[in-house]
Amino acid sequence: MTDRVIAVGGHESDGAAALAGVLGPEVTRVGGGRELVREVRSARAAGERVCVVPMTLGRDPSLVADAARTLLALDAGERAGTLLAEPFGTTAHLVGWLRTLANRVPDDRALLVTAPSGDPFSDADLFRTARLVGQYGRHRVVEVALLGGAPDLAEGVWRCRALGAPGAVVLPAAWAVPEPAGVAHAEYGGPLLSASAAAGVLASRVRQARERYERSGDDGVDRALAADHDHGHAHSHGPDDHGHGHSHGHGHAHSHAHGHGHSHGQSHGHGHSHSHGADDGHGHGPDGGGDHHRALSPAPRTAGESLVEHQGSAPDLVPSHRSPR
């Protein structure tokens with residue numbers, strides 16, 4: 001029985017449209033929802049097994065959860081031959097890949113980390129990603145541009161020049177980042193991944209999903225339903241909480257300040273990105289490898305400061321490095 005690989009895209013890939021130049025014709029590209037259901041049903045009717053891969057680079061966990069909810073609409077026979085793989089990448093992968101691109105940029109140029117605008121939380125994650133890309137790097141100026149948002153590409157370049165850089169190199173932090181045609185003092189530093197590196201990561205995700213199913217019968221759907229549980233509005237309680245400073249992501253995880261830190265739910269370490277080959281999905285460059293990651297030292301905590309555990313989309317994913325919300 002053959003496998004049909006279906007790549008699902010969100011705002012990072014303009015609904016999968018930007019994947020056309022990255023993935024080969026053997027990969028079906030869809031934007032999710034009814035389109036995903038239609039392709040899965042077509043493949044299952046033809047006797048093919050299906051593996052669905054959410055093509056987020058870490059900034060769109062809702063894409064993962066939405067794909068899982070969509071697959072729940074399938075009947076039992078269709079679900080039996082359908083797997084949902086882990087996301088293509090995490091923000092840890094994204095930071096590593098962007099650092100590889102940054103290493104090729106002249107020292108006097110600014111880095112302009114650029115991606116399409118999503119929701120406010122995805123946009124905030126891009127600023128955090130840019131900060132990590134620039135940490136301990138050679139470039140004095142690292143700024144952000146949001147396509148369809150603010151600051152846009154032109155304003156991002158203006159900010160870079162206002163800070164003393166002669167020009168900016170656009171580092172694509174998403175699939176849908178075109179070359180900056182018509183923007184003065186800007187040049188393109190992409191693509192984020194070569195077609196061969198992207199194919200290697202995708203193949204790794206499909207293989208991992210198949211091995212997981214054969215080992216434990218896990219089709220990946222249930223675990224993915226909670227992928228966006230910490231992606232949204234955080235809220236805090238007032239002084240009547242007896243010193244309990246809660247930060248909730250859809251009510252799943254919280255931490256308390258009692259002079260010591262503890263958290264409830266799955267916990268992922270706050271650390272640095274790693275460099276591995278493209279075949280295992282941790283490649284840091286267009287060719288999937290490279291020894292260029294740097295350890296990030298966490299800032300010292302002051303007395304009484306809450307310890308906040310970062311939540312990821314699944315226990316075996318690289319930590320998503322989300323800022324506490």
[atom1] of [X] to [atom2] of [Y]: how many Å apart, nearest 0.5 Å?
{"X": "E48", "Y": "S42", "atom1": "CD", "atom2": "OG", "value": "7.5 Å"}
{"X": "D218", "Y": "Y213", "atom1": "CG", "atom2": "OH", "value": "10.0 Å"}
{"X": "T28", "Y": "E35", "atom1": "OG1", "atom2": "CD", "value": "10.0 Å"}
{"X": "F88", "Y": "H93", "atom1": "CZ", "atom2": "NE2", "value": "9.0 Å"}
{"X": "F121", "Y": "R128", "atom1": "CZ", "atom2": "CZ", "value": "15.5 Å"}
{"X": "L126", "Y": "T114", "atom1": "CG", "atom2": "OG1", "value": "7.5 Å"}

Can [X] and [Y] be counted as having a side-chain donor-acceptor contact under 3.5 angstrom?
{"X": "S122", "Y": "D119", "value": "yes"}
{"X": "R212", "Y": "Q208", "value": "no"}
{"X": "E12", "Y": "T56", "value": "yes"}

Do [X] and [Y] sit in the same hydrophobic cluster, where Ile, Leu, Val, Met, Phe, Trp and Tyr count as joined when their side-chain heavy atoms come under 4.5 Å apart?
{"X": "L23", "Y": "L83", "answer": "no"}
{"X": "V133", "Y": "F127", "answer": "yes"}
{"X": "Y188", "Y": "V113", "answer": "no"}
{"X": "V144", "Y": "V183", "answer": "no"}
{"X": "L19", "Y": "V177", "answer": "no"}

Any side-chain heavy atom of [X] sitting closer than 4.5 Å to one from [Y]?
{"X": "E143", "Y": "L111", "result": "no"}
{"X": "E26", "Y": "R4", "result": "no"}
{"X": "D108", "Y": "P166", "result": "yes"}
{"X": "R109", "Y": "E187", "result": "yes"}

Would you say [X]'s side chain and [Y]'s backbone share a donor-acceptor pair under 3.5 angstrom?
{"X": "W175", "Y": "M55", "value": "yes"}
{"X": "T129", "Y": "D125", "value": "yes"}
{"X": "D123", "Y": "G118", "value": "yes"}

Among R44, R41, R38, which residue satisfies the salt bridge (charged side-chain N to carboxylate O under 4.0 Å, His left out) criterion with E78?
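So the option named by the test is R41.
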How far apart are the C-alpha atoms of L57 and T91, what are their side-chain angles, what is the distance that settles it, and do they pass the side chain to side chain contact (heavy atoms under 4.5 Å, CB included) test?
CA-CA 6 Å; L57 297 169; T91 50; over 6 Å; no
Should [X] and [Y] count as an ion pair when the cut-off is N to O under 4.0 Å?
{"X": "D66", "Y": "R69", "value": "yes"}
{"X": "R223", "Y": "E86", "value": "yes"}
{"X": "R49", "Y": "D3", "value": "yes"}

If you look at every heavy atom in [X] and [Y], which pair is closest and at what distance?
{"X": "P172", "Y": "L192", "value": "O-CD1, 3.4 Å"}
{"X": "P54", "Y": "A85", "value": "CD-O, 3.5 Å"}
{"X": "T70", "Y": "G33", "value": "CG2-O, 3.4 Å"}
{"X": "R79", "Y": "L71", "value": "CD-O, 3.2 Å"}
{"X": "L98", "Y": "A173", "value": "CD1-CB, 4.0 Å"}
{"X": "A16", "Y": "G31", "value": "CB-N, 4.4 Å"}

Among V105, L112, L101, find the one that has a side chain to side chain contact (heavy atoms under 4.5 Å, CB included) with V169.
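Filter result, single survivor: V105.
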Residues D219, L84; criterion side chain to side chain contact (heavy atoms under 4.5 Å, CB included); working and verdict
CA-CA 6 Å; D219 64 4; L84 180 58; over 6 Å; no
Between V22 and L193, is the side chain to side chain contact (heavy atoms under 4.5 Å, CB included) condition met? List the steps.
CA-CA 8 Å; V22 180; L193 291 173; 5.9 Å; no
Any chance CZ of R131 has more than 12 other-residue heavy atoms, nucleotides or ligands included, within less than 6.0 Å?
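No, because the 6.0 Å sphere around CZ of R131 holds 12 heavy atoms or fewer from other groups.
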Side chain to side chain contact (heavy atoms under 4.5 Å, CB included) between V157 and R161, worked out:
CA-CA 6 Å; V157 174; R161 286 176 51 77; 4.2 Å; yes
Residues 147-155, side-chain donor-acceptor partners within the protein, below 3.5 Å, at least two apart:
residue: D152; atom: OD1; partner: A154; partner atom: N; Å: 3.3
residue: D152; atom: OD1; partner: E155; partner atom: N; Å: 2.9
residue: E155; atom: OE2; partner: R159; partner atom: NE; Å: 3.4
residue: E155; atom: OE2; partner: R159; partner atom: NH2; Å: 3.1

